[in-house]
Protein chains: 2
Amino acid sequence: VSGIAYVNGLFLPIEEARVSVEDRGFQFADGVYEVLRTYNGKIFAMEEHLQRLARSLDAVEIKNAPSSLMLADIIRDGLHRSQCKEAVIYLQITRGVAPRKRDFPKHVEPTVVMTVRELEPLPDEIRERGLRTITMPDNRWGRCDIKSTALLANVLAYNKARAAGVDDAIFVGADGFVSEATAGNVFVFDGTRLNTPPSGPRILSGITREKMLKLAPELRIPAREAEISVETLKKAHEIFVTSTTIECVSVVQVDDAVIGTGKPGALAMRLREEFLKRVCET
Amino acid sequence: VSGIAYVNGLFLPIEEARVSVEDRGFQFADGVYEVLRTYNGKIFAMEEHLQRLARSLDAVEIKNAPSSLMLADIIRDGLHRSQCKEAVIYLQITRGVAPRKRDFPKHVEPTVVMTVRELEPLPDEIRERGLRTITMPDNRWGRCDIKSTALLANVLAYNKARAAGVDDAIFVGADGFVSEATAGNVFVFDGTRLNTPPSGPRILSGITREKMLKLAPELRIPAREAEISVETLKKAHEIFVTSTTIECVSVVQVDDAVIGTGKPGALAMRLREEFLKRVCET
């Protein structure tokens with residue numbers, strides 16, 4: 001069986017990997033994480049992911065975590081041991097274990113947890129029909145730029161969307177502007193330009209989001225960060241969502257509005273094609 | 001040594017109590033909790049706490065958790081085994097263990113964790129000098145009425161307050177109204193009446209908050225739920241914070257404003273005295 005876990009220096013089967021009930025990650029969501037993936041067994045954008053992890057650790061003041069270099073070694077080691085053909089790597093660092101108190105504990109070692117599992121790609125039939133979505137008030141906390149494990153709002157919104165018979169929710173702020181999907185960034189083509197909500201505390205700026213913002217102009221598709229109203233969203237020629245695991249996938253419905261032709265758009269397909277080409281070249 | 005843990009049916013030393021790294025409580029903050037305490041070895045307001053836990057479980061759609069009756073047995077059993085003289089009981093229920101995906105897993109059993117430790121009461125010197133606080137923008141998520149473990153915002157605010165040399169932070173919403181402290185409800189005496197922010201999605205309505213709202217009128221102190229602006233807060237005759245573990249403790253400073261005489265107020269002392277009297281009578 002492929003797959004492996006890592007906990008504070010030890011590799012072990014995922015089923016045996018455990019943390020203390022007094023880990024602050026468990027009791028306070030006092031931790032941050034990254035999800036990485038491979039292409040042809042090679043880790044995609046490891047440096048960018050580890051840089052973002054370092055920023056998250058810094059933002060929540062978790063000190064003494066292993067360096068990016070050490071984490072890179074752990075990831076590569078885990079990937080090798082996992083025997084996965086194509087892997088999804090989940091890496092989580094928490095503030096560590098201490099009797100439950102809000103105070104940052106003194107003299108505590110961060111908990112480092114990793115799981116490496118066989119990647120389950122988005123099913124082709126979903127990619128080919130495109131995502132159906134509903135909008136939902138963005139009720140998440142004010143620091144969505146920190147990739148923390150305080151994800152209950154995302155989990156509840158996603159499952160509410162699923163219960164409503166659609167594939168995902170798109171969060172909309174109290175000001176009427178789109179922030180992101182429950183686990184990916186939103187891009188909207190308005191007929192002229194590709195727009196994506198500006199980076200800042202209201203979104204987690206994805207690695208794939210950043211790559212698409214660079215890639216689009218190279219394909220002569222004007223792209224920019226800009227606020228997107230719900231009205232603009234629903235009148236879009238094309239919408240797609242990006243993340244490391246799904247790359248870029250079209251949205252064909254938002255609430256009652258059909259987007260474009262109701263089928264995945266040409267822009268998203270073109271961008272993904274070029275994105276994958278470059279991934280495999282590096 | 002006193003203290004004990006419980007994990008899914010088993011009692012064991014706290015240091016040995018563990019959960020899977022793929023527990024959704026650890027990876028998504030997909031769980032809820034309660035903190036209970038004893039007076040003279042007797043559990044305070046167990047029924048109210050378990051009712052609130054049931055509401056939290058319901059709000060996040062965690063099904064198949066043990067019934068309140070079963071949880072009451074587990075708590076009493078744990079308290080007995082812990083050999084604590086005066087205990088703080090932490091009870092957490094998560095959605096359970098599953099490979100990491102946002103979807104609510106099917107056929108999963110909730111994880112039930114409890115720790116019972118010797119209670120560390122608020123030091124007398126802090127109670128006697130009163131809390132110094134600073135206000136902070138309430139950047140928590142929109143469902144603070146759910147007692148979930150997605151507490152990173154609270155943890156960061158509390159530690160920011162401590163780093164600023166004070167005892168706690170008081171959250172203020174974008175509309176300028178007070179919501180709560182980082183782990184307790186806020187009461188403000190304006191010279192005529194005791195006011196506390198209305199129950200609703202912006203606050204976790206504490207058991208002690210509810211008891212105080214009933215107790216005050218019996219002592220001929222008019223009390224009500226009402227929005228409290230920062231200006232009203234800073235001009236208060238008296239402020240106090242309530243929670244199960246601290247009962248009711250005076251706030252003597254908010255940002256640069258000294259509250260009342262700068263010493264704990266008479267109202268808070270009177271209410272706590274009467275509160276304790278009734279606790280011990282039941």
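In what follows, every chain begins at residue 1, and chains take the letters A, B, ... in the order their sequences are listed.
With chain B as partner, the option from A/L151, A/D103, A/D30 having the largest number of non-hydrogen pairs under 4.5 angstrom is A/D103. Options A/G142, A/A17, A/G25 differ in how many heavy-atom pairs under 4.5 Å they form with chain B, and the most are formed by A/A17. With chain B as partner, the option from A/P201, A/P137, A/A153, A/A29 having the largest number of non-hydrogen pairs under 4.5 angstrom is A/A29. Of the listed residues A/R102, A/R95, A/R18, A/K101, the one with more heavy-atom pairs under 4.5 angstrom with chain B than any other is A/R102.
Within the 4.5 angstrom heavy-atom criterion, no atom of B/A174 approaches chain A. For A/Y33, the part sitting under 4.5 Å from any heavy atom of chain B is the side chain, from C-beta outward, and nothing else. For B/N154, no part lies near chain A; criterion is any non-hydrogen pair under 4.5 Å. In this structure, no portion of B/E16 lies under 4.5 Å from any heavy atom of chain A. Interface remark: B/Q27 contributes backbone and side-chain atoms alike to the contact with chain A (heavy atom separation under 4.5 Å). Only the side chain of B/Y158 comes within contact range of chain A, judged by heavy atoms closer than 4.5 Å. Both the backbone and the side chain of B/V19 come within less than 4.5 Å of a heavy atom in chain A. Both the backbone and the side chain of B/P99 have a heavy atom closer than 4.5 Å to some heavy atom of chain A. Contacts of B/T94 with chain A are made by side-chain atoms alone, with heavy-atom separations under 4.5 Å and no backbone atom involved. Contacts between B/Y90 and chain A at a heavy-atom distance below 4.5 Å involve the side chain alone, from C-beta outward. Interface remark: B/T115 contributes side-chain atoms only to the contact with chain A (heavy atom separation under 4.5 Å). In this structure, the portion of B/V7 lying under 4.5 Å from any heavy atom of chain A is its side chain and not its backbone. Both the backbone and the side chain of A/V60 come within less than 4.5 Å of a heavy atom of chain B. Only the side chain of B/V35 has a heavy atom closer than 4.5 Å to any heavy atom of chain A. Only the side chain of A/E120 comes within contact range of chain B, with at least one heavy atom under 4.5 Å from a heavy atom of that chain.
Other residues, nucleotides and ligands contribute more than 12 heavy atoms inside 6.0 Å of the CD atom of B/E118.
A/T242 contributes no side-chain N or O that, together with a main-chain N or O of A/E247, makes up a donor-acceptor pair within less than 3.5 Å.
Under a 4.0 Å N-O distance rule, the pair A/D175/A/R202 qualifies as a salt bridge. A salt bridge links B/R140 with B/E180: the distance from a Lys NZ or Arg NE/NH1/NH2 to an Asp or Glu carboxylate oxygen falls below 4.0 Å. Look at B/D167 and B/R129 and you find a salt bridge, because one of the NZ, NE, NH1 or NH2 atoms lies within 4.0 Å of a carboxylate O, short of that distance. In this structure, A/E22 pairs ionically with B/R117, as a charged nitrogen and a carboxylate oxygen lie closer than 4.0 Å.
Shortest non-hydrogen contact noted between A/N185 and A/G206 is OD1-N, 2.9 Å. Between B/V116 and B/I14, the shortest heavy-atom contact is O-CD1, 3.9 Å. Looking at every heavy atom in both residues, B/T149 comes nearest to B/Q92 through CG2-NE2, 3.6 Å. Contact record, A/D77 with A/F11: OD2-CE1, 3.4 Å, taken as the closest heavy-atom pair.
Side-chain contact, B/D138 with B/S179: a donor N or O sits under 3.5 Å from an acceptor N or O.
Here the two rings, on A/F26 and B/F26, have centers that are 6.0 Å apart or farther.
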